[in-house]
Amino acid sequence: MVERLDHLLGREAGELSLGTFHALCAGILRRDGAAVGLHPRYSIYDDSDQISLMKRSLQELGLDPKTYNPRALLGAMSAAKSQLLTAEDYVERSRSYFEEIVGRVYQRYELLLAQNQAVDFDDLLMKTHQLFQSHPQILARYQSRYDHILVDEFQDTNLTQYALARQLSARHSNLFVVGDPDQSIYSWRQADIRNILDFERDYPEAQVVHLEQNYRSTQTILQAAHGVVSVNEDRKETQLWTENEKGLPVIMVEADSESDEARFVVREVDNLLAQGDVRPNDCAVMYRTNAQSRALEEAFMRHGTPYQVIGGVRFYERREIKDLIAYLRLVYNPYDDISLLRIVNVPPRGIGQRTLDDFRQWAGRLGIPLYAGLQRLTEDGFSNPFGAHAGAALGRFASLIRDLSAQSAQVDVARLLDSVIKASGYQEYVMESPDGEERWQNILELRGIAAGYQNLDPQQGLTVFLECVSLFSDTDELDEKTDRATLITLHQAKGLEFPVVFMVGMEEGLLPHFKCFDHSEQMEEERRLCYVGMTRAKKRLYLLRAMRRTLMGGVTANPPSRFLSDIPGKLTSHASLYREEAMLASPVATTLVEFEVGDQVEHPKFGRGVVVGCRPTRDDCELEVSFPDFGRKKLLSSLARLGRLRED
DNA sequence: GCCTCTGGATTTTTT
DNA sequence: ATCCAGAGGC
């Protein structure tokens, strides 16, 4: 985004602050969070840290994590935070037994967060809002800093984000939001469409501009996508139009299995590349679930076609990476018990469950963070209450972290990381494990990323590095410089565009996902998701499905997605792998051209003619063409080299 | 304390 | 199919 703006605005782009709500808030809290009791070196807890903390909350309350699913509780709590409900608010309005439990857990969870000097993703937003509310003079500073505020993808903001935008723009009243209700695909993350509806109420003087001209896609693609999304009932009818050409038909492909599906994609990409006007970068393959990337990746790899997978098993969620980050986080924020517990015995250093339980209880009685407890153990003249063996192991760990902390003020992040690896013996530990080599490569990659922070002073470097790691977004890794195809989920693809798009898994159960079958609102969201995917395509759109596919160990046969039948037939062509042998190595879309009755066509031998009949078959189209000099001829669209004459 | 085995859950999407 | 937590053996 920064690059795009640089390109558009030139030098002035440097004056802009640009970021996700979360990143912006993280910076604000880093500077001014002390006003709401936040330590400037607070940690940001991600998904798995949240799970740990939630489990600990349950444990402390004597609740069984099997009865009370930590994920479900986190979900309920997150929903509350997205609407600015504090734990106390929540408790006050809880109506059911479940809500009562959530309320109790929420309170305990908040307490633990505070003890750890940590915040979760939702807190970044909510605490910033609280900060602004309780400290108008701080808010005023940010208000005067930003003359204008623009929120993009406004349909995907939650109530807290909207409230933040309101606060920040209150002084200048220059708030500009851009959004498309048809592309609202994050309601499960508490995105609230009310934000769009309420906007005009909250800003009665707002000017509304409807952007109905599309500059990206061909007419055919737009019409096909409209066919899908216009079925939604909870929707205001709008139809995009474009001055672009009609373009190629949408290609529907029916494959045998997911590997066939993947093979088709790879071959077609190669065909397009061979033809010359398409580069690997122009091609994207989109799917509903990350698990689907596997078969595709395999096909791309085997075929030797360059590709990149966005998201999937996320880099920063790999175990070896999280472990090393936990060392850095603990060094950075000694209150961070979650990070300490993660690595206290990784690699194994003789601190087992028993020792740890004793130690935690002991520190708990003293009311001090675990790290402070460790330091106390090593103080001179302190008689260690743990056994000789366990006590010594704890002591060694304590001095390990202390040495690293001392270094953290002196050396840059990359060197600090080297020290962590060396002092903990992490390299040996990783190399012993299965996939050791691969995991070590990941660590080297992390080392490379850390090296990018060398020009900052040590403290600053560590701060910025940890923040980037926590707030890293998958689409950040989208690499436009190396020329390769992109494999990406439909959700992540929002906001992007590609000349060639393959949507795979167009089946009932995948898109729409079977989890959405029972709820009409969720079903409408699936439809929008399909719409988002289709409208990413500029020139060529392929919709693929597999007759059989392996899901969670078992083989299933999914019927075609209901969305496929909402695309007007005259916009589509069918292709399948069965025809593959007969097909020359040329892209499907150049051999299949869309014809309608009445089209003027030209044949290399018969000359000009008019299409009088058109019968689509499963993977082709039988045409009947009337030629003035040769009479009526039956032709196969894929074989007869017919050209359509321009309509005037 | 640490390693291995087994049974059970678990996959929708993400800042 | 794969990952994780808990149990049991060394």
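Throughout, protein chains are lettered first and strands after them, A, B, ... in sequence-line order, and every chain is numbered starting at 1.
Nucleic acid contact class of D46(A) (heavy atoms, under 4.0 Å, all strands): none. Across all strands shown, Y186(A) has heavy atoms under 4.0 Å from sugar-phosphate atoms exclusively, and none from any base. In this structure, R528(A) reaches neither bases nor backbone, as no heavy-atom distance under 4.0 Å exists between it and the strands shown. Across all strands, K55(A) comes closer than 4.0 Å only to sugar-phosphate atoms, never to a base (heavy-atom distances).
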Check: residues 315-324 of chain A side-chain donor-acceptor pairs under 3.5 Å, at least two apart:
unit_1: R318(A); atom_1: NH2; unit_2: V313(A); atom_2: O; d: 2.9
unit_1: E320(A); atom_1: OE1; unit_2: R439(A); atom_2: NE; d: 3.0
unit_1: E320(A); atom_1: OE2; unit_2: N442(A); atom_2: ND2; d: 2.8
unit_1: K322(A); atom_1: NZ; unit_2: D46(A); atom_2: OD1; d: 3.0
unit_1: K322(A); atom_1: NZ; unit_2: D46(A); atom_2: OD2; d: 2.9
unit_1: K322(A); atom_1: NZ; unit_2: S48(A); atom_2: OG; d: 2.7
unit_1: K322(A); atom_1: NZ; unit_2: D49(A); atom_2: OD1; d: 3.2
unit_1: D323(A); atom_1: OD1; unit_2: R342(A); atom_2: NE; d: 2.8
unit_1: D323(A); atom_1: OD1; unit_2: R342(A); atom_2: NH2; d: 3.3
unit_1: D323(A); atom_1: OD2; unit_2: Y426(A); atom_2: OH; d: 2.5

Below 3.5 Å between N/O atoms, which protein atoms pair up with nucleotides 1-5 of chain B? Just atom names and distances, please.
unit_1: dG1(B); atom_1: OP2; unit_2: G352(A); atom_2: N; d: 2.7
unit_1: dG1(B); atom_1: OP2; unit_2: T355(A); atom_2: OG1; d: 2.9
unit_1: dC2(B); atom_1: OP1; unit_2: G350(A); atom_2: N; d: 2.6
unit_1: dC2(B); atom_1: OP2; unit_2: N345(A); atom_2: ND2; d: 3.1

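Residues D256(A) and R548(A) form a side-chain contact, since some pair of their non-hydrogen atoms from C-beta on lies under 4.5 Å apart.
Heavy atoms of other residues, nucleotides or ligands lying less than 6.0 angstrom from CZ of R294(A) number 12 at most.
With sequence neighbours excluded, no residue satisfies side-chain hydrogen bond (donor to acceptor under 3.5 Å, both in side chains) with T355(A). With sequence neighbours excluded, the residues satisfying side-chain hydrogen bond (donor to acceptor under 3.5 Å, both in side chains) with Y327(A) are R349(A). With sequence neighbours excluded, the residues satisfying side-chain hydrogen bond (donor to acceptor under 3.5 Å, both in side chains) with T289(A) are Q292(A).
Under the 6.0 Å cut-off for aromatic ring centres, Y68(A) and F98(A) do not qualify, their centroids lying 6.0 Å or more apart.
Comparing I185(A) and N69(A) against DNA chain B, the residue whose closest nucleotide sits nearer the 5' end is N69(A). Between T20(A) and H513(A), the one whose closest nucleotide on DNA chain B sits nearer the 5' end is H513(A).
For the pair N290(A) and dT11(B), the criterion of a side-chain N or O lying under 4.0 Å from OP1 or OP2 is not met.
Between E524(A) and R235(A), no side-chain nitrogen of the basic residue sits less than 4.0 Å from a carboxylate oxygen of the acidic one, so the salt-bridge criterion is not met.
As rounded to whole Å, 14 Å separates atom C1' of dT14(B) from atom CG of L124(A).
Read 5' to 3', the first and last nucleotides of DNA chain C with an atom closer than 4.0 Å to a heavy atom of chain A are dT2(C) to dA5(C).
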